[in-house]
Amino acid sequence: MSDPHADAAVEIVDLRVSYGTQTAVDGLSLTVRAGTITALLGPNGAGKTTTIEVCEGFRRAGSGRVRVWGLDPQRDGPLLRSRVGVMLQDGGIYSGARAVPMLRHMSRFYAHPLDVADLAGRLGLDTVRATYRRMSGGEKQRLALACAIVGRPDLVFLDEPSAGMDPQTRLAAWALVEQLRTDGATVVLTTHLMDEAERLADDVAIMDRGRLVAHGTVGELCGSGESLVFRAEPGLDLAALRALLPAGSTADEVAPGRYLVAAGTAGLHAVSSWAASVGVEPRDLSTRRRTLEDVFLDLTGRELRT
Amino acid sequence: MSSSTPGGLAPHPGAAPRAQILLAQTGAEVRTSLRNGEQLLLTLVIPVVVLVALSRLPADLVGGSPVIDVVAPGVLGLAVLSTAFTGQAIGTGFERRYGVLRLLGATPLGRSGLLVAKTLGVLVVETAQVLLLVAVALALGWSPAPTWPWAVPVLVLGTATFSALGLLLAGLLRAEATLAVANALYLLLLAAGGLVLPVDRLPDVLAPVIALLPTAALGDALRAVLLDGGPVPAGAVVVLLGWGAAAGAAAVRTFRWD
């Protein structure tokens, strides 16, 4: 590829944003590949919403460079507004509006909008009769999602799209987001839900305290290494087992009577020979992959955030 | 124009023609303000009730006769105050609080388009108010002076001034505070703003201050062209322009979209 940025939907270089003395985004650099779903994952206060607000043009960058489809969100707003869809974290809909009329209203801003009846039906909004202020949390979110995509944007920013959705609604929303990617749109979403990022995202950018702490595909972040877990009597001496494992492997008693061996594919053979030699019978022996949650908690810590 | 295939979500970005966007949003602004019961009370019911009630007052109290000729011009000004100032401030304040301004500002409508549509929406509602009030006043025996066409530019100037004041309020205060202040000012200015009753009918100590209010200027200008048959008073125009320019400049600096 001659130009490495030719397929970048969003390019963020060394972005810094502060609110007074508080730093919200602290030197973030991130590229969103066109045609992908990218999840900004992070605990509350990580700077996810601030980051996409700068991309949407709602907020000025303190310093650094942000380009959306190669354009400056501040200067080139009129060009970007027709091709970028936005779903805010909280509403943005008239409190007295009903679902289908609101969607129809928004569709009039665009030259080639989606078929309103079809979109409403797909998200189950066709049967919602309540005004926005009386809708359930999930109905509000579905309407906001529909408003974000009705103009057929090629880039969609979704700020915590599945907050307040019940499991069925969430599946419908996820299917819609996947369909958007299949049909060629780029999607950037923020979430603190691991399963949402793991299920939807091609790329995951993990943020913490305004910084990017990891970025890659779910596979890259979780690694290909599998772990072995088994139960046996507590307090076993693992020195002999460790001697059988390849360099870089670990074997630990993670909880009383619960053992975890991270040794790639060599682990299973080593554990069975060690167990036979010391007369231990491992129970519930299984392999498991590292999940995104493991990676996330390793990187961002386990203490509660206030 | 291509339409999407059912189920297909393929991107096909593009803004609708500007006129279509502004028309759609102006319609939404008008519907939003007429859908709201309190707003309807403020824009249509109260001015009509005030007009009818004042027309029953004795001539020496309003300072001239026929009474309807004296009070009708100020009530037209009240329509401007209710829609351009109070209604617009409250509506915009809550739209800001609920994120509507932010979201619409991110669509092809944009922030400037939203302001244009709000202005057009105010003018549409005011037109309906004026037509209704003129009909009621004529039924009560009103006969406006031959200089009446000058009332149109005066009403437009008043609309600009009170829109700037309303947007200044809505962009500065919390929505609940905007609601309280806009309603309180409406009642205060209705009673003692020199709008429906001329300044010389109000207590002498307050008169010089009240004369500098935009409500008094609007009321005086409307009475000059609709009652006295004279030219638009320059002093009133200066007061309205001054308030409008100051509020507009302040609103541009302080308005928060979120």
Side-chain angles (χ1 to χ4, degrees), chain A residues 53 56-59 77-97 101-102 104-115 117-119 121-122 131-133 144 147-157 176-177 179-186, chain B residues 1-40 90-114 117 175 256-258:
Chain A
E53 283 180 346
E56 291 160 346
F58 289 144
R59 210 169 279 291
L79 286 172
L80 284 173
R81 285 199 292 269
S82 61
R83 57 189 295 201
V84 173
V86 169
M87 176 181 176
L88 301 176
Q89 207 176 91
D90 47 357
I93 314 282
Y94 291 105
S95 63
M102 180 70 199
R104 199 169 296 288
H105 173 56
M106 295 279 286
S107 77
R108 297 204 173 99
F109 296 164
Y110 300 94
H112 321 282
L114 291 173
D115 184 88
D118 180 64
L119 179 60
R122 183 191 274 263
T131 56
Y132 184 74
R133 80 168 76 82
C147 287
I149 68 169
V150 72
R152 294 170 80 184
D154 52 15
L155 175 60
V156 187
F157 290 103
L176 187 83
V177 171
Q179 181 74 46
L180 279 170
R181 173 187 50 194
T182 304
D183 288 345
T186 306
Chain B
M1 195 191 296
S2 70
S3 68
S4 56
T5 50
L9 302 176
H12 193 167
R18 194 78 189 142
Q20 178 185 326
I21 295 176
L22 290 175
L23 191 66
Q25 186 60 29
T26 302
E29 296 289 342
V30 173
R31 281 193 302 277
T32 306
S33 56
L34 296 184
R35 190 163 50 201
N36 185 319
E38 297 89 339
Q39 194 119 322
L40 219 52
I90 294 171
T92 307
F94 279 97
E95 286 167 17
R96 179 167 74 105
R97 155 80 161 272
Y98 294 131
V100 177
L101 299 184
R102 240 151 73 88
L103 187 70
L104 292 180
T107 67
L109 176 65
R111 291 177 173 182
S112 59
L114 187 56
R256 289 176 48 86
W257 291 83
D258 56 7

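Only heavy atoms go into these numbers, but all of them, side chains included; no hydrogens, no water, no symmetry mates. Residue numbers begin at 1 in each chain, while the letters A, B, ... track the order of the sequences.
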Can you measure from [atom1] ([X]) to [atom2] ([Y]) and round to the nearest 0.5 angstrom?
{"X": "B/L103", "Y": "A/L88", "atom1": "CG", "atom2": "CG", "value": "5.0 Å"}
{"X": "B/R111", "Y": "A/R81", "atom1": "CZ", "atom2": "CZ", "value": "8.5 Å"}
{"X": "B/Q25", "Y": "A/M106", "atom1": "CD", "atom2": "CE", "value": "9.5 Å"}
{"X": "B/T32", "Y": "A/Y94", "atom1": "OG1", "atom2": "OH", "value": "5.0 Å"}
{"X": "A/L119", "Y": "B/L9", "atom1": "CG", "atom2": "CG", "value": "7.5 Å"}
{"X": "A/R108", "Y": "B/T107", "atom1": "CZ", "atom2": "OG1", "value": "14.0 Å"}

#### Entry: ring pair (Phe, Tyr, Trp, His ring centres under 6.0 Å) against A/F109, all qualifying residues, sequence neighbours excluded
A/H105
Engaged part of [X] at the chain A interface, taking heavy atoms whose separation is under 4.5 Å:
{"X": "B/D258", "result": "side chain"}
{"X": "B/L104", "result": "side chain"}
{"X": "B/R35", "result": "side chain"}

Which atom pair, heavy atoms only, marks the closest approach of [X] to [Y]?
{"X": "B/A15", "Y": "A/A111", "answer": "O-CB, 3.4 Å"}
{"X": "A/V86", "Y": "B/A106", "answer": "CG2-CB, 4.2 Å"}
{"X": "B/P11", "Y": "A/P153", "answer": "CB-O, 3.6 Å"}

### Query
With respect to chain B, which residue among A/D154, A/L176, A/L80, A/V156 yields the maximal number of heavy-atom pairs within a distance under 4.5 Å?
A/D154
### Message
At a 4.5 Å cut-off on heavy atoms, which part of A/R133 comes close to chain B: side chain, backbone, both, or neither?
### Response
neither
### Query
So what's closer than 4.5 Å to chain B heavy atoms on A/P78: side chain, backbone, both or neither?
neither
